[in-house]
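Encoded as structure tokens, the structure appears first; notes follow it.
Labels below follow one simple rule: chain letters A, B, ... track the order of the sequence lines, proteins then strands, and each chain is numbered from 1. Being a predicted model, the structure only gives us computed values, none of them experimental.
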Amino acid sequence: MDATAANLLLEHHRRHARDLPWRMTPRDPYRTWLSEVMLQQTTVATVTPRFLRFVERWPTVEALAAAPDEDILGEWAGLGYYARARNLIACARAVAERGAFPTTEVELRKLPGLGAYTAAAVAAIAFGEDAAAIDTNVERVAARVFAIADRKAAGEAAKGWFPAGHHGEFAEALMDLGSNICRPKAPNCQVCPIAAHCRARALGCPEAFPAAKVKKDRPHRYGIAWWVRPGNEVWLVRRPVKGLLGGMAALPGPVWSEQRPAVNPLAIHRHGFTHFTLDLMVVPCAEPPAGEGWWQSVSDLGSAGLPTLYRRAIEAALHAEREPRLAA
DNA sequence: GAGACGTGGTT
DNA sequence: TAACCAAGTCT
């Protein structure tokens with residue numbers, strides 16, 4: 001691809017770059033890393049306030065490394081993909097142990113939670129290395145500019161497009177273009193700085209690139225959450241570290257199944273996950289089940305660090321207690 | 001390499 | 001409403 005389009009894109013970015021809280025000068029490796037991990041599969045709008053809270057509470061990687069697991073997981077609650085938070089903890093401690101972040105893509109890649117994209121992004125943005133960070137935005141923009149249907153092939157083609165000495169800036173330019181202009185649906189080609197260089201645009205069908213992903217159907221599951229709340233408290237447990245919502249606070253209950261259980265729930269909360277949907281039945285229960293747990297004040301549920309599934313299920317149950325006739 | 005892994009916004 | 005999708009990583 002010609003350097004003209006790359007330069008046009010960089011110039012456009014220098015004029016229109018968004019002022020995001022992790023885009024500081026000079027770039028701090030800690031904030032770059034933290035923001036990149038938070039932004040994995042998560043929107044800028046969602047991340048921004050959560051990022052600000054994180055860096056206010058833990059201004060350095062050493063401070064983060066020294067924090068208890070529960071505090072960090074609680075601060076992450078609601079952001080989803082909780083393996084990221086578990087890897088974040090492990091990564092912070094590894095970095096604190098060795099004294100500083102490694103400064104190359106190859107070494108960054110060895111840290112927990114840093115895959116091909118994030119290692120390249122941190123190396124390029126925080127350390128100025130010529131590492132090409134290929135994310136879904138880059139794949140989509142390249143797929144359209146080069147009229148390549150295959151996402152991965154488009155990403156590979158994009159690597160040769162990054163200008164030497166400006167890989168970090170170019171990655172951010174592509175990401176801003178991808179989220180603001182070269183959107184998945186209804187791309188705004190009218191204001192695109194490289195529309196004249198876009199093959200898919202010339203073909204008249206930018207939205208046809210890249211090819212649509214094959215969709216899989218989502219199965220449905222059922223779960224029971226025991227509602228143990230004498231007085232003004234509710235019994236909570238911590239989920240097993242591995243698997244769905246691993247390590248997060250939760251209502252107690254058995255493993256979820258495909259069969260609808262024969263229970264009389266106080267409330268039913270329907271929740272959509274990436275690969276299945278869940279009906280969580282909140283069922284009153286007199287005593288806590290066997291095992292570890294704690295009493296959480298109903299007036300202080302916000303500090304429990306509940307993932308959204310359980311936060312919503314608890315809201316539904318509390319509402320049902322107040323309005324019994326509306327119970328599901 | 002395909003599936004597991006959350007959530008919220010947009011269409 | 002349901003589908004689609006997002007600055008991916010790990011197994």
Side-chain angles (χ1 to χ4, degrees), chain A residues 17-18 20-23 31-51 73 76-88 90-91 108-122 124-126 131-141 151-152 155 158 167-180 182-187 207 210-221 239-248 250 256 269-278 280 306-313:
Chain A
R18 282 182 293 178
L20 302 173
W22 44 88
R23 290 182 175 172
R31 292 182 180 224
T32 303
W33 159 72
L34 178 61
S35 64
E36 289 295 343
V37 173
M38 282 189 166
L39 286 162
Q40 290 168 6
Q41 301 289 287
T42 310
T43 60
V44 167
T46 298
V47 166
T48 298
R50 308 300 298 267
F51 172 85
L73 292 172
W76 195 276
L79 272 176
Y81 283 143
Y82 298 98
R84 293 184 296 169
R86 302 194 295 273
N87 285 329
L88 191 82
C91 182
L108 286 161
R109 181 67 179 79
K110 297 174 183 172
L111 292 169
L114 281 87
Y117 165 76
T118 305
V122 174
I125 294 170
I134 308 299
D135 73 333
T136 188
N137 286 301
V138 178
E139 288 175 355
R140 184 175 59 257
V141 173
R151 263 184 182 280
K152 294 305 164 194
H167 279 48
E169 191 179 20
F170 194 67
E172 290 188 327
L174 283 170
M175 288 186 273
D176 280 7
L177 187 79
S179 67
N180 301 326
C182 197
R183 303 167 294 212
K185 295 182 189 296
E207 269 190 81
K213 295 169 183 161
V214 291
K215 59 179 179 210
K216 297 156 284 194
D217 41 85
R218 286 196 305 178
H220 190 73
R221 294 180 190 165
R239 288 177 62 88
V241 170
K242 285 185 174 276
L244 193 76
L245 307 176
M248 300 302 291
W256 305 334
H269 172 62
R270 177 160 295 181
H271 195 79
F273 291 99
T274 304
H275 52 301
F276 65 95
T277 57
L278 176 75
L280 188 62
L306 289 158
T308 301
L309 166 68
Y310 290 107
R311 185 171 60 76
R312 294 262 167 81

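Judged purely by atom type and a 3.5 angstrom limit, A:Arg151 has no side-chain atom pairing as donor or acceptor with the backbone of A:Pro210. No donor-acceptor distance shorter than 3.5 angstrom exists from the side chain of A:Arg311 to the backbone of A:Gly78, with no hydrogens or angles considered.
When distances run from any side-chain atom of A:Leu20 to the nucleotides C:dC5, C:dA7, B:dC5, the shortest one goes to C:dA7. The side chain of A:Lys185 sits closest to C:dC5 out of B:dG8, C:dC5, B:dG6. Checked against C:dC10, C:dC5, B:dT7, the side chain of A:Leu309 finds its nearest nucleotide in B:dT7. Between C:dA7, B:dT7, C:dC5, one nucleotide has an atom nearer to the side chain of A:Asn137 than all others, and that is C:dA7. In the set B:dG8, C:dA7, C:dA6, the nucleotide with an atom closest to the side chain of A:Thr46 is B:dG8.
Taking both residues in full, the closest heavy atoms of A:Arg18 and A:Arg23 are given as O-NH1, 3.1 Å, listed atom of the first, atom of the second, then distance. Scanning both residues, A:Gly155 and A:Glu139, for their nearest heavy atoms gives CA-CG, 4.0 Å. When all heavy atoms of A:Gly272 and A:Thr277 are compared, the pair lying nearest together is CA-CG2, 4.3 Å. Residue A:Tyr82 comes nearest to A:Gly246 through the heavy atom pair CB-O, 4.3 Å, listed as atom of the first residue, atom of the second, then distance.
Here A:His275 and A:Phe273 keep their ring centres 6.0 angstrom or further from each other.
A:Arg140 has no side-chain polar atom (N or O) that falls below the 4.0 Å cut-off from OP1 or OP2 of C:dC5. OP1 or OP2 of B:dA4 has not a single side-chain nitrogen or oxygen of A:His275 nearer than 4.0 Å. Contact check, A:Arg312 against B:dG8: a side-chain N or O comes under 4.0 Å of OP1 or OP2. The shortest distance between the side-chain N/O atoms of A:Arg311 and the OP1/OP2 oxygens of B:dG8 is below 4.0 Å. For A:Thr42 and C:dA6, the shortest distance from a side-chain N or O to OP1 or OP2 is not below 4.0 Å. Under 4.0 angstrom from either OP1 or OP2 of C:dG8 there lies at least one side-chain N or O belonging to A:Gln41. When the side-chain nitrogen and oxygen atoms of A:His271 are compared with OP1 and OP2 of B:dT7, one or more of them lie within a distance under 4.0 Å. Taking side-chain N and O atoms only, A:Tyr82 has a distance below 4.0 Å to OP1 or OP2 of B:dT7.
Among the protein residues, A:Arg218 comes within range of no part of the nucleic acid, since none of its heavy atoms lies under 4.0 Å from any strand. Residue contacts shown for A:Leu79 include a base, since a base heavy atom lies under 4.0 Å away. Within the 4.0 angstrom heavy-atom criterion, no nucleotide atom of any strand lies near A:Arg86. Within 4.0 Å (heavy atoms only), A:Arg23 reaches at least one base atom of the nucleic acid. Residue-level contact check: A:Trp22 touches the bases, meaning some heavy atom is under 4.0 Å from a base atom. In this structure, A:Gly246 reaches neither bases nor backbone, as no heavy-atom distance under 4.0 Å exists between it and the strands shown. Residue A:Thr274 is in base contact, counting any heavy-atom pair closer than 4.0 Å across all strands shown. No engagement by A:Ile125 is indicated, since no non-hydrogen atom pair under 4.0 Å with the nucleic acid exists.
Of the residues in residues 110-118 of chain A, none lies under 4.0 Å from DNA chain B by heavy-atom distance.
Residue order along DNA chain B, read from the 5' end via each residue's closest nucleotide, puts A:Lys216 first among A:Lys216 and A:Gln40.
Rounded to whole Å, atom C1' of C:dA6 lies 10 Å from atom CZ of A:Arg151. For A:Leu245 and B:dA4, the CG to P distance is 15 Å, given to the nearest whole Å. The CG atom of A:Asp135 sits 5 Å away from the C1' atom of C:dA7 (whole-angstrom rounding). Rounded to an integer number of Å, the gap from NZ of A:Lys213 to P of C:dC5 is 6 Å. Note: CG (A:Leu244) to C1' (B:dG6) measures 8 Å, nearest angstrom. Regarding A:Arg50, its CZ atom lies at a distance of 17 Å from the C1' atom of C:dA7, rounded to whole Å. Atom pair A:Leu88:CG and B:dC5:P shows a separation of 20 Å (rounding to whole Å applied). When the P atom of C:dC10 is taken as reference, atom OH of A:Tyr81 falls 14 Å away, rounded to whole Å.
Distance noted for atom P between B:dG8 and C:dT9: 22 Å (whole Å). Comparing B:dG3 with C:dA7, their P atoms sit 23 Å apart, to the nearest whole Å.
The base of B:dG8 is not paired with the side chain of A:Thr308 by any donor and acceptor separated by under 3.5 Å.
Rounding to the nearest 0.5 Å places CZ of A:Arg239 at 5.0 Å from CG of A:Leu245. Taken from CG in A:Leu280 to CZ in A:Arg221, the straight-line distance is 13.5 Å, to the nearest 0.5 Å.
Between A:Phe170 and A:Val138, the closest side-chain pair of non-hydrogen atoms is not below 4.5 Å.
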